[in-house]
Amino acid sequence: MIPKVRLLEYEIPFTSPFVFNMGGKRKTLKTRQGLLLHWLFGDQSLYTEIAPLPGFSNETLEQCKQQLLMLNSGDFSASASPNHLYPSVRFAIEAAWYQLEYPLRSKAVRSCSLMDKSSESHRIKIKAGHQSIENDVLSLKSVLAHLQPHQKLRIDTNRTWVIEELETLQQALNMSQIDYVEEPLKCIDHYQPNGLPIAFDESLRELDPQKPVPEIFFTAKAWVLKPMLSGLQRTIELAQLARERGIACVLSSSFESNVSLEFYHSLAQDLELTEEQGLDTLKYLAKDLQPAKITLREQTVPMADCKEIARLC
């Protein structure tokens with residue numbers, strides 16, 4: 001089956017400038033830009049998204065656009081995308097064929113609250129590593145003091161600490177209140193399992209898909225998987241491997257639109273993931289891209305404008 005595919009682009013403002021820490025450097029985004037693929041399989045219509053995240057994705061949005069324009073119709077007619085495609089392009093193609101076999105479910109899964117210590121969620125995620133370890137400890141202690149008994153904290157440093165700073169954290173905090181520390185170290189080679197609950201994220205994306213996953217990764221409590229940055233098929237493979245080895249698996253969004261967020265909620269149910277998922281990012285975007293199939297917001301918001309670039313096949 002060769003579908004008809006239209007390429008559209010969008011730009012959605014963040015509700016406020018979004019500042020994040022990557023590799024010790026602070027970056028600011030005012031808008032979220034991306035591409036949509038509008039697929040027509042006979043009388044069935046669906047959308048998938050291409051939204052590389054600046055500072056985290058290796059490819060740029062312009063590179064994705066150029067790659068799409070160079071593809072032929074056959075590249076859109078198979079569920080397994082070529083490995084030479086950028087991960088975000090591969091994700092969008094794989095997600096379309098996946099939805100043909102597994103239609104979107106109609107409800108949301110539980111999500112970890114992102115940077116909102118007033119939330120009632122069972123898991124709260126906080127960013128750290130953008131200040132001294134002493135100040136990080138003070139900030140984290142303040143957050144922990146306000147947690148409810150049923151809540152635990154997920155700390156994400158985006159690989160900014162050295163081993164001594166991680167040890168300082170472990171000695172200073174009540175670790176019974178910590179769900180896990182995500183990617184704490186600048187160099188994974190310095191990590192030695194010592195009972196501290198660790199989650200891997202960026203390090204998983206750097207693995208060669210053609211080689212076995214090194215044993216150090218199986219000492220983690222959780223794997224955090226970002227489909228937009230890895231591709232859908234690779235995400236599913238890692239999720240299945242994590243399940244086989246008794247490792248919790250968390251799907252994590254990369255500040256995509258509601259198009260991908262709805263898909264992730266459905267995918268988490270398909271994969272029978274029981275942890276609170278990392279999908280609490282839609283609140284940072286001012287608009288949705290299309291009428292929602294799953295209610296992910298408390299209030300409806302206007303549909304954002306999308307501009308057609310090309311008909312790909």
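Hydrophobic clustering (side-chain heavy atoms under 4.5 Å, transitive across Ile, Leu, Val, Met, Phe, Trp, Tyr) keeps Leu40 apart from Leu312. Leu166 and Leu138 are not part of a single hydrophobic cluster, where members link through side-chain heavy atoms under 4.5 Å apart. No single ILVMFWY cluster, assembled from side-chain heavy atoms under 4.5 Å apart, contains both Tyr180 and Val137. Cluster annotation: Val181 and Val162 are assigned to distinct hydrophobic clusters (Ile/Leu/Val/Met/Phe/Trp/Tyr, side-chain heavy-atom contacts under 4.5 Å, transitive). At a threshold of 4.5 Å between side-chain heavy atoms, the hydrophobic network of Ile, Leu, Val, Met, Phe, Trp and Tyr places Leu229 and Tyr284 in one connected group.
Put simply, the side chain of Thr157 never gets that close to the backbone of Gly129: no donor and acceptor are under 3.5 Å apart. The backbone N or O of Ser88 lies less than 3.5 Å from a partner atom in the side chain of Glu59, making a donor-acceptor pair. No donor-acceptor distance shorter than 3.5 angstrom exists from the side chain of Arg205 to the backbone of Leu225, with no hydrogens or angles considered. Under a 3.5 Å cut-off, the side chain of Arg110 and the backbone N or O of Thr274 do form a donor-acceptor pair. Checked by atom type and distance alone, the side chain of Asp179 never pairs as donor or acceptor with a backbone atom of Lys152 at under 3.5 Å.
In this structure, NZ on Lys226 lies 7.0 Å from CZ on Phe56, to the nearest 0.5 angstrom. Separation of atoms CG (Leu232) and CD (Glu237) is listed at 10.0 Å; rounding is to 0.5 Å. Within the model, atoms OG of Ser121 and CD of Gln148 stand 12.0 Å from one another, a figure rounded to the nearest 0.5 Å. Taking CG of Leu207 as the start and CG of Leu238 as the end, the distance is 7.5 Å to the nearest 0.5 Å. In this structure, the separation between CD1 on Ile126 and CG on Leu140 is 7.5 Å, given to the nearest 0.5 Å. The line from CD1 of Ile178 to NZ of Lys221 is 10.0 Å long, rounded to the nearest 0.5 Å.
Thr31 and Glu11 form a side-chain donor-acceptor contact under 3.5 Å, judged by distance and modelled atom types alone. Side-chain contact annotation: Glu167 with Asn194, donor-acceptor N/O pair under 3.5 Å absent. No hydrogens or angles considered: a donor-acceptor pair under 3.5 Å links the side chains of Thr281 and Ser253. Looking only at atom types and distance, the side chain of Ser257 has a donor-acceptor partner in the side chain of Glu49 under 3.5 Å away.
In this structure the side chain of Val19 never reaches within 4.5 angstrom of the side chain of Phe14, judged on heavy atoms. Between Asp136 and Trp161, the closest side-chain pair of non-hydrogen atoms falls below 4.5 Å. A 4.5 Å side-chain heavy-atom check between Gln151 and Ile124 finds at least one atom pair inside the cut-off. Between Cys64 and Ile50, some side-chain heavy-atom pair lies under the 4.5 Å cut-off. No side-chain heavy atom of Phe91 sits under 4.5 Å from any side-chain heavy atom of Thr48. Two residues are said to be in side-chain contact when any heavy atoms from C-beta on lie closer than 4.5 Å; Ile309 and Lys65 meet this criterion. Side-chain atoms of Leu85 and Leu71, non-hydrogen and from C-beta on, do get closer than 4.5 Å to each other. At least one side-chain heavy atom of Ser260 sits under 4.5 Å from a side-chain heavy atom of Met228.
No more than 12 heavy atoms of other residues, nucleotides or ligands lie within 6.0 Å of NZ in Lys4, so this atom counts as exposed by the packing criterion. Heavy-atom neighbours of Asn58 CG from other residues, nucleotides or ligands within 6.0 Å: at or below the threshold of 12. The neighbour count for His150 NE2, taken as heavy atoms of other residues, nucleotides or ligands under 6.0 Å away, is above 12.
Tyr98 has its ring centre less than 6.0 Å from the ring centre of Phe263. Aromatic pair Tyr102/Trp97: ring centres not closer than 6.0 Å.
Nearest heavy-atom pair, Ile247 versus Phe217, reported as atom, atom and distance to 0.1 Å: CD1-O, 3.9 Å. In this structure, Val259 and Tyr47 approach most closely via the heavy-atom pair CG1-O, 3.7 Å. Taking every heavy atom of both residues into account, Ser139 and Gln131 meet most closely at OG-NE2, 3.2 Å. Scanning both residues, Thr160 and Ala128, for their nearest heavy atoms gives OG1-O, 4.3 Å. Nearest approach of Ile198 to Pro184, heavy atoms of both residues: CD1-CG, 3.6 Å. In terms of heavy atoms, Leu251 sits closest to Ala268 at CD1-N, 3.8 Å.
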(request) Take Trp223 and Phe218 through the test ring pair (Phe, Tyr, Trp, His ring centres under 6.0 Å) and record every step on the way to the result. (result) CA-CA 9 Å; Trp223 287 359; Phe218 298 110; 5.6 Å; yes
(request) Take Gln66 and Glu62, measure what side chain to side chain donor-acceptor pair (under 3.5 Å) needs, and give me the verdict at the end. (result) CA-CA 6 Å; Gln66 294 305 315; Glu62 184 60 31; 2.8 Å; yes
(request) Verify side-chain contact (heavy atoms from CB on, under 4.5 Å) between Leu100 and Trp39, making sure each step is shown before the conclusion. (result) CA-CA 11 Å; Leu100 279 184; Trp39 301 75; over 6 Å; no
(request) Check the pair Ile12, Tyr10 against side-chain contact (heavy atoms from CB on, under 4.5 Å), reporting the backbone distance first and the verdict last. (result) CA-CA 7 Å; Ile12 310 174; Tyr10 70 82; 3.6 Å; yes
(request) Would you please test Glu182 and Ile155 for side-chain contact (heavy atoms from CB on, under 4.5 Å) and show each step? (result) CA-CA 6 Å; Glu182 182 179 332; Ile155 304 169; over 6 Å; no
(request) Assess whether side chain to side chain donor-acceptor pair (under 3.5 Å) is satisfied between Glu183 and Asn158, documenting all intermediate values. (result) CA-CA 6 Å; Glu183 290 285 1; Asn158 293 118; over 6 Å; no
(request) Using the side-chain contact (heavy atoms from CB on, under 4.5 Å) rule, take Gln63 and Tyr86 through it: C-alpha gap first, then chi angles, then the decisive distance, then the call. (result) CA-CA 9 Å; Gln63 287 175 323; Tyr86 295 124; 3.7 Å; yes
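Residues Arg159 and Glu206 are paired through a salt bridge, judged by an N-O separation under 4.0 Å between the basic side chain and the carboxylate. Salt bridge status for Glu272 with Arg243: present, with a side-chain N to carboxylate O gap under 4.0 Å. Contact check on Asp116 versus Lys125 returns no salt bridge, with no Lys/Arg side-chain nitrogen under 4.0 Å from an Asp/Glu carboxylate oxygen.
Of the options Val109, Val224, Val250, a side chain to side chain contact (heavy atoms under 4.5 Å, CB included) to Glu275 is made by Val250 and by none of the others.
No cation-pi contact links Arg32 to Phe255, judged by a cut-off of 6.0 Å to the six-membered ring centre and 45° from its axis.
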